[in-house]
Protein chains: 2
Amino acid sequence: MRKTLRDVAEKTGVSIAVASRVLGNYGSVSSETRRKVLKEAKSIGYQPDIIARSMKTRRTHSLGVIISDITTFFFTSVVRGIEDVTSQNSYNVTLCNSDEDADKENSYLKELYQRKIDGLIISPTGENNSYLKKLIRAGLPVVLVDRRVSELQTTEVAVDNETGAWEAVKHLISLGHRRIGIVNGLSGIRTNEERFSGYKRALAEQGIPFDPGLVKYGDFRMEKGRQATQEFLNMRDRPTAMFVANEPMTTGALLALGENKTKIPEEMAILGFDDPVWAPLLNPPLTTVRQPSYSIGTIAAQVLLQKIRKVGRGRSLHEEIVLKPKLMIRESCGEETSTRRTTD
Amino acid sequence: MRKTLRDVAEKTGVSIAVASRVLGNYGSVSSETRRKVLKEAKSIGYQPDIIARSMKTRRTHSLGVIISDITTFFFTSVVRGIEDVTSQNSYNVTLCNSDEDADKENSYLKELYQRKIDGLIISPTGENNSYLKKLIRAGLPVVLVDRRVSELQTTEVAVDNETGAWEAVKHLISLGHRRIGIVNGLSGIRTNEERFSGYKRALAEQGIPFDPGLVKYGDFRMEKGRQATQEFLNMRDRPTAMFVANEPMTTGALLALGENKTKIPEEMAILGFDDPVWAPLLNPPLTTVRQPSYSIGTIAAQVLLQKIRKVGRGRSLHEEIVLKPKLMIRESCGEETSTRRTTD
DNA sequence: TTGTAGGCGTTATCAA
DNA sequence: TTGATAACGCCTACAA
């Protein structure tokens, strides 16, 4: 049988209120009774019932985390960051995978809200934010990670995607590439639009005309990366380099390149967004745009805990925390000195 | 303001009890009142308070998951499997990383228990199981993943590690390798001992004497894999092949091999336990022992849900579910036909 | 310093 | 079919 405060109180011969005070460490009790209660609690193995406590205090000390898929390098690492800071602050984390599905997202949202989480970290799918918006307005502390949604009045933590992509493509151009393909992620998601726009800006600045034939629309998943790459390879006038908008699609692209025995970077240069541990292991090592994913997690969690502490006082405001991505130049895009064949 | 049952009841003009029945979908109510209550509940946006419900029903519909580190390919994939089945059954998952630290594990255990989780999936650290044992005896439904602990009276889901390692090393031997190094994981953990024993059995069966100089003791983490590999490379009489007991250490090993520009497999063959997505992307593609990690997760979750449903009736028994690992032969160990230099 | 008692939002028993 | 009412375990005025 589970022990309750009542058990402790009875055994010690005091009231429940007194027992509650010493175990909850508040109010005033004589040091003598305190000692006795503590001793008895320990001896019968009393453990507070957090559910019952939450009922009274209206705080659960638990947070919801909704991401698209824990299976991708980026989110794994974000979640690890979150968990590290929450565990230090004795909050715990309920993990949910939305798979980019707005319905799934909404049903998790509802579930978490009913469970009275104290706060939420989410990488929203982007379609149909109305429920999320409602929760924010209702006062639920929320932090967005990876994806900005400007109409949401809350804090977002993400990398400067536009600059990241821009630097990447500029790098490609500096190595002599002119026909540069892009494998986009899910359109409609700001993160992706930003990366796309960085790509276009880099081209424009270098006077390279934008060619719609060089853009493939993916979905952030591996399979689409593979397909898109296969399509590039099948073109009569194929790109000499490709920029891929995230890690799973980059994996797919590399798979396709491997299947076609395409030489990297001679026959196709490749640069991926996200820098998984295995990037340096490839041959040639993969050039990438690194996001400080672990930090995105820790920062998001810290910010969320702050918001939770001052909940009630003041409206939630739109606020952006933007981190810098870093171009990790390795060898998958070719050498500075190499000359590129041009097609005209 | 949050709406409660009471609000619904008042607005509808019925008692709380009736409202509870229709919203909780039990007991009997006339279809007329049911309709009215439902309508009213919807119109004011009533959502049940799961905390309050748990308080009464003594079930939280939430599960704890404790693994060493979500950041490793194996556990990421296990967790994804778990989450997929739990979400279908409207259970949710609290994720905890123990980092192989028994204290951290125990404090999570305590925390989860206080939160009254309905069940637990854990990959235990191995030292100091007494608290976990106590929880199992107290009736908490528990399923062990990846790691067997025979003295715990509960279900375990894991791969046949001994056979996996045995096949791996046999493969190495069949390719002509005689000096085969091993990078072990944390000693004391059954999973690791099993892999080690498979290694030794393969050697013994082929009449190759066991050489303690060829075994390195790691900790399942990347850095130790790198160190161990460096040490192998520094030996005057270095192994021609190495078997690495998990994915992060394999990553470390590959890093070290890369830093030393060691040719794979000519100068060093390598075979790793765990088959991350990127294994086929390497050059040469990495030969591995694949564990059905996603299935380990789904099975563990299914078994746990079953146990939860029949909690109370019957003691928890020790039960093992063992899955088959699969040798994924690629090219990092050399060719069938190659001859190996021997050192004697 | 201590104890009494009400309430958090549900569920569930028992009469009506 | 309905409605009071008592829990669930804890916190917290308020009174003693």
Side-chain angles (χ1 to χ4, degrees), chain A residues 1-38 40-41 44-62 90 110-118 138, chain B residues 1-38 40-41 44-62 90 110-118 138:
Chain A
M1 249 311 278
R2 193 127 198 177
K3 305 301 180 186
T4 70
L5 255 190
R6 180 203 196 95
D7 296 315
V8 180
E10 281 178 358
K11 295 258 184 189
T12 321
V14 297
S15 72
I16 296 186
V18 169
S20 179
R21 277 179 217 130
V22 3
L23 266 0
N25 210 22
Y26 69 98
S28 53
V29 266
S30 76
S31 58
E32 174 58 8
T33 34
R34 140 165 283 112
R35 204 185 47 70
K36 284 199 291 186
V37 170
L38 249 22
E40 196 56 44
I44 68 172
Y46 168 76
Q47 292 196 340
D49 180 328
I50 297 192
I51 300 280
R53 176 179 290 167
S54 300
M55 180 113 196
K56 192 67 197 174
T57 61
R58 315 271 69 192
R59 331 191 96 216
T60 53
H61 263 246
S62 68
S90 52
K110 187 173 159 199
E111 165 91 14
L112 292 172
Y113 190 58
Q114 289 182 171
R115 282 180 187 276
K116 302 216 175 331
I117 49 168
D118 288 346
Chain B
M1 246 313 277
R2 193 126 195 178
K3 305 302 181 185
T4 71
L5 258 188
R6 180 203 196 95
D7 297 315
V8 180
E10 280 177 359
K11 294 256 185 190
T12 321
V14 296
S15 72
I16 296 187
V18 169
S20 179
R21 275 178 219 129
V22 3
L23 266 0
N25 210 21
Y26 68 98
S28 52
V29 267
S30 74
S31 58
E32 174 58 10
T33 34
R34 139 164 283 111
R35 202 184 50 69
K36 283 198 293 189
V37 170
L38 249 22
E40 195 57 41
I44 69 173
Y46 168 76
Q47 291 196 339
D49 181 328
I50 299 194
I51 300 280
R53 175 179 291 167
S54 298
M55 178 113 194
K56 195 65 195 169
T57 63
R58 317 270 65 197
R59 332 192 95 217
T60 53
H61 263 246
S62 68
S90 51
K110 188 173 158 198
E111 165 93 13
L112 292 172
Y113 191 58
Q114 289 182 172
R115 281 179 187 275
K116 302 218 176 331
I117 49 169
D118 289 345

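Naming: A, B, ... by sequence-line order, numbering from 1 per chain. Because the structure is predicted, anything quoted here is derived from the model rather than measured.
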**Prompt:** If each of B:Val29 and A:Arg2 is mapped to the nucleotide of DNA chain D with the nearest heavy atom, which maps nearer the 5' terminus, i.e. the 5' end?
**Reply:** B:Val29
Atom [atom1] of [X] to atom [atom2] of [N]: distance rounded to whole Å?
X: A:Lys116; N: C:dT10; atom1: NZ; atom2: P; answer: 7 Å
X: A:Gln47; N: D:dC10; atom1: CD; atom2: C1'; answer: 15 Å
X: B:Arg58; N: C:dT10; atom1: CZ; atom2: C1'; answer: 12 Å
X: B:Leu23; N: C:dT10; atom1: CG; atom2: P; answer: 9 Å
X: B:Glu32; N: D:dT2; atom1: CD; atom2: C1'; answer: 15 Å
X: A:Arg6; N: D:dC10; atom1: CZ; atom2: P; answer: 11 Å
X: B:Lys56; N: D:dT5; atom1: NZ; atom2: C1'; answer: 10 Å
X: B:Ile16; N: C:dA12; atom1: CD1; atom2: C1'; answer: 13 Å

Does [X] make a side-chain N or O approach to OP1 or OP2 of [N] shorter than 4.0 Å?
X: B:Thr57; N: C:dT11; result: no
X: A:Tyr26; N: C:dT1; result: no
X: A:Ser20; N: D:dC10; result: no
X: B:Thr4; N: C:dG9; result: no

**Request:** For residues B:Lys11 and B:Ile44, determine if any side-chain heavy atom of one lies less than 4.5 Å from a side-chain heavy atom of the other.
**Result:** yes
Under 4.0 Å, counting only non-hydrogen atoms across every strand here, what does [X] touch: a base, just sugar-phosphate, or nothing?
X: B:Thr33; answer: sugar-phosphate
X: A:Arg21; answer: base
X: B:Leu5; answer: base
X: B:Ser30; answer: sugar-phosphate

**Item:** Side chain of A:Tyr46 - closest among C:dT4, D:dG9, D:dC10
**Value:** D:dC10
**Request:** Measure from the side-chain heavy atoms of A:Ser15 and tell me the nearest of D:dT2, C:dT4, C:dT10.
**Result:** C:dT4
**Gap separating the CZ atom of A:Arg34 from the OG1 atom of A:Thr12, nearest 0.5 angstrom** = 13.0 Å
**Request:** Check for a donor-acceptor pair, side chain of B:Arg115 on one end and backbone N or O of A:Thr60 on the other, with a separation under 3.5 Å.
**Result:** yes
**Prompt:** Counting only N and O atoms by type, is there a donor-acceptor contact under 3.5 Å from the side chain of A:Thr57 to the main-chain atoms of A:Arg53?
**Reply:** yes
**Request:** For side chain to side chain contact (heavy atoms under 4.5 Å, CB included), just list the numbers for B:Val22 and B:Leu38, CA-CA rounded to whole Å, side-chain angles, deciding distance to a tenth of an Å, and then say yes or no.
**Result:** CA-CA 7 Å; B:Val22 3; B:Leu38 249 22; 3.4 Å; yes
